[in-house]
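Here the structure comes first, spelled out in structure tokens, and everything after it is commentary.
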There are 2 protein chains.
Amino acid sequence: MTEPPVVAPGPVVIAPIVIALDIAAPALADRVAALLASVPGLRLAAAGEPADAVLVAPGATPPADPDTALTPREREVLALLAEGASNKAIARQLGISTHTAKFHVGSLLDKLDATGRTDAVAHAARIGVIHL
Amino acid sequence: MTEPPVVAPGPVVIAPIVIALDIAAPALADRVAALLASVPGLRLAAAGEPADAVLVAPGATPPADPDTALTPREREVLALLAEGASNKAIARQLGISTHTAKFHVGSLLDKLDATGRTDAVAHAARIGVIHL
DNA sequence: CTGCCACCTGCCCGGTTGGGCAGGGCGCCC
DNA sequence: GGGCGCCCTGCCCAACCGGGCAGGTGGCAG
């Protein structure tokens with residue numbers, strides 16, 4: 001039996017954060033595992049091992065309905081909606097007019113089948129389009 | 001004026017994986033954010049930004065700040081807000097006047113420190129007062 | 001070259017929101 | 001009995017929201 005290595009006194013060593021993966025898509029899981037494996041201070045949990053945190057990705061992808069796929073601009077607007085921004089604030093932050101901001105908000109309401117911006121944000125959070 | 005660098009043909013550049021954090025414990029969240037911020041190929045999502053994956057950890061309870069403790073009626077109103085209900089719809093469903101519904105909404109905005117109902121719902125979801 | 005998509009802008013209108021102010025009743029605690 | 005918190009109602013006003021309609025430009029694929 002080999003003896004455990006002697007740890008010299010020194011600064012307190014913080015245990016690495018143990019992260020488990022719960023990602024259905026193999027390609028994404030492989031990429032994430034490869035990236036995290038080399039991060040000092042982190043280590044990936046073995047199968048079944050309790051973890052400090054779990055990295056999850058939606059197993060069921062958001063509906064692949066073309067009508068509900070959001071454009072990059074719409075996603076930007078949605079992120080700002082989720083921060084409670086008004087159309088005016090959205091326009092200011094994106095450097096567009098309030099009419100354009102309203103146009104994108106309207107598109108979001110249509111694609112998310114929402115009755116208003118609050119409903120859109122809540123719905124988007126439920127289906128995993130955004131994370132609050 | 002320096003010429004733009006020539007990019008030699010090589011492997012296709014892959015967009016970074018966007019990771020959101022849903023970790024209530026501030027110390028753990030800070031450590032993870034610090035470790036992940038320097039990983040090539042990964043980047044942390046801004047608040048509300050759609051992410052490829054979410055890192056979650058068992059959370060501490062929401063802050064027990066008396067000023068933010070919601071009354072039973074306020075919780076009812078908040079639940080309806082999270083469904084996108086208008087003040088009129090809230091009034092109808094709770095059997096109260098629209099003025100009273102507006103009064104409760106106003107109290108919620110005050111207690112949650114929100115700028116509007118959308119902000120209130122998003123914030124309440126973030127701190128765990130409601131689940132979407 | 002053409003058509004389509006994404007993004008952009010303006011105008012108008014009715015409805016909604018949010019805040020402030022006024023007031024009230026009821027139940028509970030000191 | 002008095003004070004307080006919760007819940008309720010009304011009115012007014014400015015600002016905002018959402019929808020409809022009109023139009024434009026630039027980039028890209030066929």
Side-chain angles (χ1 to χ4, degrees), chain A residues 62-125 129-130, chain B residues 4 7 12-13 15 48-50 62-125 129-130:
Chain A
D65 184 355
D67 286 343
T68 57
L70 300 183
T71 68
R73 202 53 151 173
E74 284 166 351
R75 284 196 285 272
E76 282 186 285
V77 170
L78 183 55
L80 292 171
L81 275 185
E83 289 177 20
S86 63
N87 293 340
K88 201 172 195 177
I90 292 170
R92 209 181 314 121
Q93 284 194 248
L94 298 182
I96 57 181
S97 82
T98 54
H99 313 293
T100 304
K102 286 171 61 179
F103 170 80
H104 290 308
V105 169
S107 295
L108 281 166
L109 301 193
D110 195 36
K111 288 186 176 182
L112 294 169
D113 198 26
T115 57
R117 72 216 289 118
T118 308
D119 194 22
V121 167
H123 189 63
V129 174
I130 56 170
Chain B
V7 178
V12 174
V13 173
E49 182 187 357
D65 186 353
D67 286 342
T68 56
L70 302 183
T71 69
R73 202 53 150 173
E74 285 167 350
R75 283 197 284 270
E76 282 186 286
V77 170
L78 182 55
L80 292 172
L81 275 186
E83 289 174 19
S86 62
N87 292 341
K88 202 173 197 175
I90 292 171
R92 208 180 313 122
Q93 284 193 247
L94 297 182
I96 59 181
S97 83
T98 55
H99 312 293
T100 306
K102 283 171 64 178
F103 171 79
H104 289 308
V105 169
S107 296
L108 281 165
L109 301 194
D110 196 35
K111 289 187 176 182
L112 295 169
D113 197 27
T115 56
R117 70 215 293 115
T118 308
D119 195 18
V121 167
H123 189 65
V129 174
I130 56 172

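Bear in mind that the values here come from a model prediction, so they are computed numbers and not experimental data. A note on names: the letters A, B, ... follow the listed sequences, proteins ahead of strands, and every chain is numbered from 1. All heavy atoms count here, side chains included; hydrogens, waters and symmetry mates do not.
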DNA chain C contacts among residues 96-108 of chain B, heavy-atom distance under 4.0 Å: B/Lys102, B/Val105
May I ask you to test the B/Leu94-B/Thr100 pair for a side-chain heavy-atom distance under 4.5 Å? no
Are any non-hydrogen side-chain atoms of A/His123 and A/Asp113 less than 4.5 angstrom apart? no
Integer-rounded Å distance: [N] [atom2] and [X] [atom1]:
X	N	atom1	atom2	result
A/Asp119	D/dG18	CG	P	10 Å
A/Glu74	C/dC5	CD	P	14 Å
B/Arg117	C/dT16	CZ	P	11 Å
B/Asn87	D/dG10	CG	P	14 Å
B/Leu81	D/dC17	CG	P	15 Å
A/Lys88	D/dG18	NZ	P	16 Å
A/Glu76	C/dC7	CD	P	9 Å
B/Arg75	D/dC7	CZ	C1'	15 Å

Atom pair OG/NE2 of B/Ser97 and B/His99 - distance to nearest 0.5 Å: 5.0 Å
Closest approach of A/Leu108 to A/Val77 (non-hydrogen atoms, all atoms of both residues): CD1-CG1, 3.6 Å
Tell me whether the OP1 or OP2 atom of C/dC8 has a side-chain N or O from A/Arg73 closer than 4.0 Å. yes
Where the side chain of A/Ser86 is defined as all heavy atoms beyond and including C-beta, which of C/dT16, D/dC7, D/dC16 is the nearest nucleotide? D/dC16
Residue among A/His104, A/Glu76, A/Lys111 satisfying side chain to side chain contact (heavy atoms under 4.5 Å, CB included) with A/Thr71: A/Lys111
Donor-acceptor pair, A/Arg75 side chain versus A/Ile130 backbone, under 3.5 Å? no
